[in-house]
There are 2 protein chains.
Amino acid sequence: MAEILWTIVKIGYAARLPLPRSLWGVTETSSQPRRAKPRPAKRSREDKYDERRTQLAESALATLGERGYARTSLREIAQNSEFSHGVVHYYFASKADLILHCVRYYKIDCATRYDEIIATATDPEEFANRFVERLLGTLRQDASMHRLWYDLRGQSMFDQEFADQVEEIDRLLEDMIWRIVTKFAELSGLQPAFSPALSYAMFDGVFFKALLAHVHGDELAPDRLREEAFALLPSLFRDA
Amino acid sequence: MAEILWTIVKIGYAARLPLPRSLWGVTETSSQPRRAKPRPAKRSREDKYDERRTQLAESALATLGERGYARTSLREIAQNSEFSHGVVHYYFASKADLILHCVRYYKIDCATRYDEIIATATDPEEFANRFVERLLGTLRQDASMHRLWYDLRGQSMFDQEFADQVEEIDRLLEDMIWRIVTKFAELSGLQPAFSPALSYAMFDGVFFKALLAHVHGDELAPDRLREEAFALLPSLFRDA
DNA sequence: CATTCTCCTTGACGACTGTCAAGTTTTGGC
DNA sequence: GCCAAAACTTGACAGTCGTCAAGGAGAATG
């Protein structure tokens with residue numbers, strides 16, 4: 001059963017490939033593994049190298065999402081890929097290097113989830129409906145990815161190494177929420193009542209609570225999230 | 001430096017002792033360690049046994065608060081107490097048993113932090129001021145305890161063993177917030193605008209964000225929390 | 001005083017971890 | 001088809017972990 005779930009998650013991620021490497025390749029700052037410094041001149045080689053890194057990052061994300069950061073070993077990640085455990089250190093300098101790569105990979109998705117809705121919405125009520133339904137969808141579908149994010153965010157309180165990346169993603173998420181808030185204000189002719197940070201914090205608290213209940217097996221969690229989101233949304237605004 | 005900080009934390013916890021054992025002794029359900037089943041008839045023995053358990057739980061809490069759940073070993077906990085590592089399994093059946101005992105110990109405090117303010121407040125503005133100031137106080141003073149709570153809450157998404165305890169504490173905290181909300185409503189003649197769960201989730205999101213920033217070294221975090229709390233508080237109510 | 005039980009220390013066990021070196025297989029350029 | 005570089009596997013390392021058994025110190029009990 002868990003195997004099936006895991007496979008679904010894996011396929012889900014694989015389906016999004018390929019991603020342009022320019023998205024994170026340029027900002028790569030971590031130390032390189034023992035691979036020879038001068039990369040092959042041939043383009044296909046370089047691509048294959050990055051593809052393997054991504055492939056391993058996906059396996060890592062799927063495993064991390066199921067077992068959590070603390071309980072996931074490099075051997076386990078490799079076991080859920082088609083490679084042996086040694087290959088991890090061929091493509092990543094360390095475990096932290098791998099995790100940070102995973103987080104970078106994750107954040108590409110996380111902050112653009114509602115942009116399509118924002119771009120195409122014309123009516124405030126329709127906008128709210130589509131937003132909330134997508135919120136419920138990601139709660140159910142990407143639950144293990146979300147709990148990994150909250151796990152890593154929690155770890156960043158004890159491990160300084162994660163703090164910067166976590167803060168960066170937090171900013172992206174705050175911007176995402178703020179784009180929703182301003183769009184809704186624009187469509188409805190109202191004014192945002194709170195700062196971007198406060199709006200995000202409120203929404204994040206509500207979403208996390210729903211995720212926690214959902215993960216703990218509460219089948220009513222999505223429905224309750226819908227109610228709460230519809231209760232929260234209007235109170236984020238005041239008359240212009 | 002870290003040593004000094006740790007000592008301060010430890011003294012802080014020791015100062016709260018002794019606690020009546022009836023508070024958690026009756027609900028004790030975890031398996032007992034290898035200590036002989038029929039406890040000594042002498043009262044002082046039994047007390048000493050519970051005192052040691054509490055003493056170890058305090059050391060554990062201090063260490064866990066500094067290093068986080070995943071990084072803290074039983075040897076480290078014992079090293080920060082005055083005992084050797086073997087003694088842990090004399091008083092606790094397993095690591096999980098110890099952690100759960102710590103959590104139970106923690107929750108006695110966590111949910112009664114504002115009750116004195118609730119009981120003595122007479123004016124809504126004065127009530128809000130005292131509440132927010134105590135909120136800032138606990139953010140600064142009990143930061144490592146709070147991050148441990150959020151850490152364990154996150155772990156409960158991967159470790160079913162923690163789920164029940166986490167849900168129980170979450171309920172206590174929700175009740176705590178709701179007592180504040182209803183008291184404020186009573187003093188100000190307004191009506192709570194949201195459900196207890198939603199009110200708690202919003203406040204929790206705001207507090208966690210402040211804690212994260214504070215732990216990451218943001219010195220303005222408490223001041224921002226004050227602003228945000230004062231912005232959030234009135235919007236939790238509507239006219240009667 | 002002798003015995004028993006409590007309390008605690010010590011040391012060891014098997015399992016697991018991240019890391020890495022050595023060796024094998026595969027690939028691509030000539 | 002050869003050969004060097006890349007890609008991957010294997011096995012081992014030093015360390016840590018939770019757990020527990022053996023035994024000693026010391027107080028309580030008779």
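Throughout, a chain's letter reflects where its sequence line sits, starting with A, and its residues are numbered from 1. No experiment lies behind these values; they were computed from the predicted model shown.
- Distance A:R53 CZ to D:dC8 P: 13 Å, rounded to the nearest Å.
- A salt bridge does not link A:E168 with A:R104: every distance from a Lys NZ or Arg NE/NH1/NH2 to an Asp or Glu carboxylate oxygen is 4.0 Å or more.
- Whole-Å rounding puts the B:E161 CD to D:dG18 P distance at 14 Å.
- Put simply, CD on B:E51 is 18 Å from P on C:dT6, counting in whole angstrom units.
- Within the 4.0 Å cut-off from OP1 or OP2 of D:dC8, at least one side-chain nitrogen or oxygen of A:Y91 is found.
- Between the side chains of B:R71 and A:Q155, a donor-acceptor pair is found at a separation under 3.5 Å.
- One can place CG of B:L56 at 8 Å from P of C:dC8, the figure rounded to the nearest angstrom.
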Check: Quick one: what's the B/S/- string for nucleotides 11-17 of chain C, heavy-atom cutoff under 4.0 Å, read 5' to 3'?
Finding: BB----S

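- You'll find that the side chain of A:H89 is closest to C:dT19, out of C:dT19, C:dC8, D:dG18.
- Put simply, CG on B:D97 is 14 Å from C1' on D:dT19, counting in whole angstrom units.
- There is no side-chain donor-acceptor pair under 3.5 Å between A:Y200 and A:D175.
- For the pair B:Y90 and C:dC7, the criterion of a side-chain N or O lying under 4.0 Å from OP1 or OP2 is met.
- With no hydrogens or angles considered, no side-chain donor-acceptor pair links A:N80 and A:S59 at under 3.5 Å.
- A salt bridge links B:R179 with B:D115; the closest basic N to acidic carboxylate O contact falls under 4.0 Å.
- At a cut-off of 3.5 Å, with distance as the only test, no side-chain donor of A:Q79 or A:H85 sits close to an acceptor on the other residue.
- Rounded to whole Å, atom P of D:dC20 lies 15 Å from atom CZ of B:F92.
- Whole-Å rounding puts the A:K48 NZ to C:dT27 C1' distance at 7 Å.
- OP1 or OP2 of D:dC8 lies within a sub-4.0 Å distance of a side-chain N or O belonging to A:R52.
- Between the B:D151 side chain and the B:Y69 main chain, a donor and an acceptor come within less than 3.5 Å of each other.
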